Amino acid sequence: MILPIFLMFSFLLSSSSCNALDFCVADLKTPQGLAGYSCKKLELVTVDDFVFSGLHAGNTSNLIKAAVTPAFTAQFPGVNGLGISIARLDLAVGGVVPMHTHPDSSEIIVVIQGIIDAGFVSSANKVYFKTLKTGDIMVFPQGLLYFQINAGTTPVLAYVSFGSPSPGVQILDFALFGNDLPSNIIEETTFLDDAQVKKLKGVLGGTG
């Protein structure tokens with residue numbers, strides 16, 4: 001009889017301890033684990049930990065003519081442990097965010113200016129595709145492959161929000177052609193010929 005009462009009392013204590021923790025501002029000096037960063041000491045937390053002023057226009061002078069400016073835990077310690085984050089997306093004319101996935105989060109995009117072709121592929125290989133205009137919002141389920149393309153003649157500005165403070169990202173093109181995976185393995189798994197694989201590796205910085 002004493003043991004169940006003790007266990008119940010311990011559970012109540014642990015529950016109230018968790019509830020007493022209003023937030024867990026990231027201590028970026030500590031290693032990041034699967035559950036995020038350790039909490040900064042409360043006496044070191046300031047209002048600036050909950051404010052981010054860095055969502056400025058990104059540099060789209062690159063291969064994909066796109067820039068993502070994140071406000072994830074590493075840039076915005078106040079979102080640590082809260083299950084949210086945000087980023088700014090800039091797409092120059094002809095810009096594209098290639099097929100990619102966020103393994104740790106779903107995403108919502110809101111178009112502020114411009115026109116975007118966006119879509120994702122379900123695990124059944126069904127494509128859900130739409131042209132988004134200013135003011136439109138689209139959601140992309142966690143872990144699925146999706147893309148965004150500037151479909152207009154003017155630059156695009158959009159904001160994307162995530163259900164994780166550190167959503168992670170893997171871009172399919174770079175995963176295949178931007179590393180040292182041997183070309184023959186890529187050829188066998190993608191049905192591309194040697195010349196195509198070597199060309200893509202050269203463009204995306206891969207070796208092997």
Side-chain angles (χ1 to χ4, degrees), residues 28 31-34 36-37 54-76 85-107 109 114-130 132 138 140-152 155-208:
L28 299 180
Q32 184 178 18
L34 292 176
Y37 288 90
L55 289 184
H56 308 302
N59 183 4
T60 56
S61 299
N62 52 54
L63 178 66
I64 60 176
K65 299 180 180 179
V68 177
T69 306
F72 302 156
T73 304
Q75 299 82 26
F76 190 10
S85 61
I86 193 168
R88 171 179 173 142
L89 172 62
D90 291 283
L91 290 172
V93 176
V96 57
V97 181
M99 281 285 189
H100 66 285
T101 178
H102 294 287
D104 299 323
S105 177
S106 298
E107 175 183 324
I109 186 171
I115 302 174
I116 295 177
D117 284 342
F120 63 89
V121 183
S122 76
S123 57
N125 292 323
K126 181 175 180 179
V127 178
Y128 296 85
F129 167 80
K130 188 77 174 180
L132 306 177
M138 186 171 182
F140 305 92
Q142 179 175 341
L144 298 183
L145 285 168
Y146 62 93
F147 63 90
Q148 291 109 6
I149 301 171
N150 185 338
V156 162
L157 168 62
Y159 288 100
V160 289
S161 60
F162 300 91
S164 167
S166 299
V169 64
Q170 186 172 41
I171 298 176
L172 182 60
D173 293 353
F174 288 95
L176 286 172
F177 307 108
N179 53 39
D180 60 357
L181 186 64
S183 294
N184 66 298
I185 299 296
I186 300 174
E187 292 158 19
E188 291 177 9
T189 57
T190 62
F191 308 107
L192 296 173
D193 63 39
D194 186 65
Q196 290 173 312
V197 170
K198 288 181 177 177
K199 177 182 178 181
L200 290 167
K201 277 181 170 283
V203 170
L204 298 174
T207 60

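In this text the structure is predicted, and so the values were computed from the model without any measurement.
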Can you find a heavy atom in the side chain of [X] that is under 4.5 Å from one in the side chain of [Y]?
| X | Y | answer |
| --- | --- | --- |
| Val203 | Leu63 | yes |
| Asp90 | Leu157 | yes |
| Asp194 | Glu187 | yes |
| Val68 | Val169 | no |
| Ser122 | Tyr128 | yes |

Value rounded to 0.5 Å, distance of [atom1] in [X] from [atom2] in [Y]:
| X | Y | atom1 | atom2 | answer |
| --- | --- | --- | --- | --- |
| Leu132 | Ile149 | CG | CD1 | 11.5 Å |
| Asn150 | Ile115 | CG | CD1 | 8.0 Å |
| Ile64 | Asp173 | CD1 | CG | 9.0 Å |
| Leu181 | Thr189 | CG | OG1 | 7.0 Å |
| Gln196 | Phe177 | CD | CZ | 8.5 Å |
| Ile186 | Leu176 | CD1 | CG | 6.0 Å |

Are His100 and Phe147 an aromatic pair, judged by ring center distance below 6.0 Å?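 Between His100 and Phe147, which both carry aromatic rings, the centre distance is not below 6.0 Å.
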Grab the two heavy atoms, one from [X] and one from [Y], that are nearest each other, plus how far apart they are.
| X | Y | result |
| --- | --- | --- |
| Lys65 | Val93 | CD-O, 3.5 Å |
| Pro98 | Val96 | CD-O, 3.5 Å |
| Tyr37 | Ala74 | OH-CB, 4.3 Å |

Measure up the Phe162 and His102 rings against each other and bin them: parallel (under 30°), tilted (30 to 60°), perpendicular (over 60°). perpendicular
Any idea how Phe140 and Tyr146 line up, ring-wise: parallel (<30°), tilted (30 to 60°), or perpendicular (>60°)?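 Because their plane-to-plane angle is under 30°, the rings of Phe140 and Tyr146 count as parallel.
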Gln32 CD: over 12 foreign heavy atoms closer than 6.0 Å: yes
Donor-acceptor pair, [X] side chain versus [Y] backbone, under 3.5 Å?
| X | Y | result |
| --- | --- | --- |
| Asn125 | Val121 | no |
| Ser106 | Gln142 | yes |
| Thr101 | Gly143 | yes |
| Thr60 | Leu91 | no |
| Ser85 | Ser164 | yes |
| Asn184 | Glu188 | no |
| Thr73 | Pro165 | yes |
| Arg88 | Leu55 | yes |
| Lys201 | Thr207 | yes |

